[in-house]
Amino acid sequence: THLPSEWIVVDDGSEIESTPLRSRIEEAGGRFLALPKNRGVAAARNTGVAASSADWIAFLDSDDEWHPRKLETQLTWQSQHPGTRISQVHEQWVRNSKPIRKPSAWEQRGGELFELALRQCVIGPSCVMMRRDLWDEHGGFEERFRVCEDYELWLRITRKEQIGLVEGGPLVTK
């Protein structure tokens, strides 16, 4: 499976000195984009995607962690399910540096999820991978929303798309 050759980090107008971080990212082959002022997570994610030319899109929030084989595992799954334009992986919740048991209602699922999504958010941003054409069809995250911006996009997507689920252990720590 071909791993992504493009990764972009977006600083959403933070006030910390980011030059050392920017240098490390660029030296490692990534791109660093800094928004002049804080516009919210939706704008940061949309900015990153707009700067990308990738066929597949995945997000990693600053308070989450991908396991080393997350992208490879998910891309392999996607290549085996070419009709599925969006998938997610399982996540492990951690509080105070200790894994906690997630309520079963919050476990990641696959399939037709719209009805369930009407009751709760069923996709984690750091768990998802989607094709660029699906992103373009739905227009990205709604920047007017300071919270639940992901939930609103997942509602639009689950209304029309089945969600793939990559089985196995958790590949994201939240």
Side-chain angles (χ1 to χ4, degrees), residues 3-75 78 85-97 100 102 106 108 117 120-159 161 163 166 170-174:
L3 288 174
S5 58
E6 178 180 48
W7 54 282
I8 300 167
V9 174
V10 179
D11 177 340
D12 186 23
S14 70
E15 296 179 4
I16 62 169
E17 172 54 46
S18 61
T19 303
L21 178 61
R22 177 185 209 125
S23 296
R24 286 181 58 199
I25 290 166
E26 290 173 347
E27 287 169 11
R31 292 175 57 199
F32 185 91
L33 305 174
L35 299 179
K37 67 178 187 163
N38 180 277
R39 293 179 36 214
V41 66
R45 290 180 187 144
N46 289 346
T47 297
V49 174
S52 169
S53 60
D55 293 331
W56 287 96
I57 299 164
F59 304 97
L60 177 60
D61 288 349
S62 62
D63 57 345
D64 295 343
E65 180 181 328
W66 283 344
H67 293 220
R69 297 183 62 106
K70 188 258 189 200
L71 292 176
E72 179 182 3
T73 301
Q74 204 162 13
L75 282 168
Q78 288 292 167
R85 299 193 298 167
I86 181 171
S87 66
Q88 64 177 335
V89 300
H90 291 279
E91 66 185 3
Q92 169 68 59
W93 289 359
V94 174
R95 300 296 179 266
N96 300 319
S97 301
I100 63 169
K102 240 169 68 163
W106 293 101
Q108 272 69 33
Q120 70 187 51
C121 188
V122 295
I123 299 174
S126 294
C127 298
V128 78
M129 177 180 285
M130 74 174 77
R131 285 183 27 164
R132 177 59 171 256
D133 63 339
L134 179 63
W135 170 270
D136 291 341
E137 283 174 30
H138 290 279
F141 296 102
E142 177 53 65
E143 294 185 20
R144 293 177 297 165
F145 292 9
R146 294 298 279 189
V147 297
C148 298
E149 76 299 325
D150 59 323
Y151 182 41
E152 188 271 341
L153 176 60
W154 309 143
L155 283 171
R156 284 187 275 139
I157 289 175
T158 59
R159 196 171 135 252
E161 296 284 324
I163 308 302
V166 179
L171 295 174
V172 172
T173 300
K174 180 169 195 48

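A quick note: this is a predicted structure, and the numbers were derived from the prediction, not measured.
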Quick one: closest heavy-atom pair of [X] and [Y], and the distance?
X      : Y      : value
Lys70  : Ser126 : CE-O, 3.5 Å
Asp150 : Cys121 : OD2-SG, 4.0 Å
Gly124 : Gln88  : N-OE1, 3.7 Å
Leu21  : Phe32  : CD2-CE1, 4.2 Å
Glu6   : Ala51  : OE2-O, 3.9 Å
Leu134 : Arg85  : CD1-NH2, 3.4 Å

* Between Phe59 and Trp7, is the gap from one ring center to the other below 6.0 Å? -> no
Hey, what do you get for [atom1] ([X]) to [atom2] ([Y]), rounding to the nearest 0.5 Å?
X      : Y      : atom1 : atom2 : result
Cys148 : Trp154 : SG    : CH2   : 13.0 Å
Ile123 : Ile163 : CD1   : CD1   : 4.0 Å
Leu155 : Glu142 : CG    : CD    : 13.0 Å
Phe141 : Arg156 : CZ    : CZ    : 9.0 Å

* Check whether the side chains of Ser87 and Gln74 place a donor and an acceptor atom closer than 3.5 Å, and report yes or no. => yes
* Asked: Do Gln92 and Thr173 get their side chains close enough for a donor-acceptor pair, meaning under 3.5 Å?
  -> no
* To do: Would you indicate whether the side-chain heavy atoms of Val49 and Arg132 approach each other to under 4.5 Å?
  => yes
* pair Asp11-Leu33: side-chain heavy atoms closer than 4.5 Å -> no
* side chain to side chain donor-acceptor pair (under 3.5 Å) contacts touching residues 31-45 (sequence neighbours left out) -> Asp12-Asn38, Asn38-Arg146, Arg39-Glu143, Arg45-Asp61, Arg45-Glu149
* **NZ or CZ of Arg95 within 45° of Trp93 ring axis and under 6.0 Å** => yes
* Asked: Pick one: which of Ile157, Asp133, Ile86 meets side chain to side chain contact (heavy atoms under 4.5 Å, CB included) with His138?
  -> Ile157
* Asked: Does a side-chain N-to-carboxylate-O contact under 4.0 Å join Arg24 and Glu27?
  -> no
Would you say [X]'s side chain and [Y]'s backbone share a donor-acceptor pair under 3.5 angstrom?
X      : Y      : answer
Ser23  : Thr19  : yes
Trp56  : Met130 : no
Tyr151 : Val122 : no

* Could I get the full list of side-chain hydrogen bond (donor to acceptor under 3.5 Å, both in side chains) partners for Lys174, not counting sequence neighbours? => none
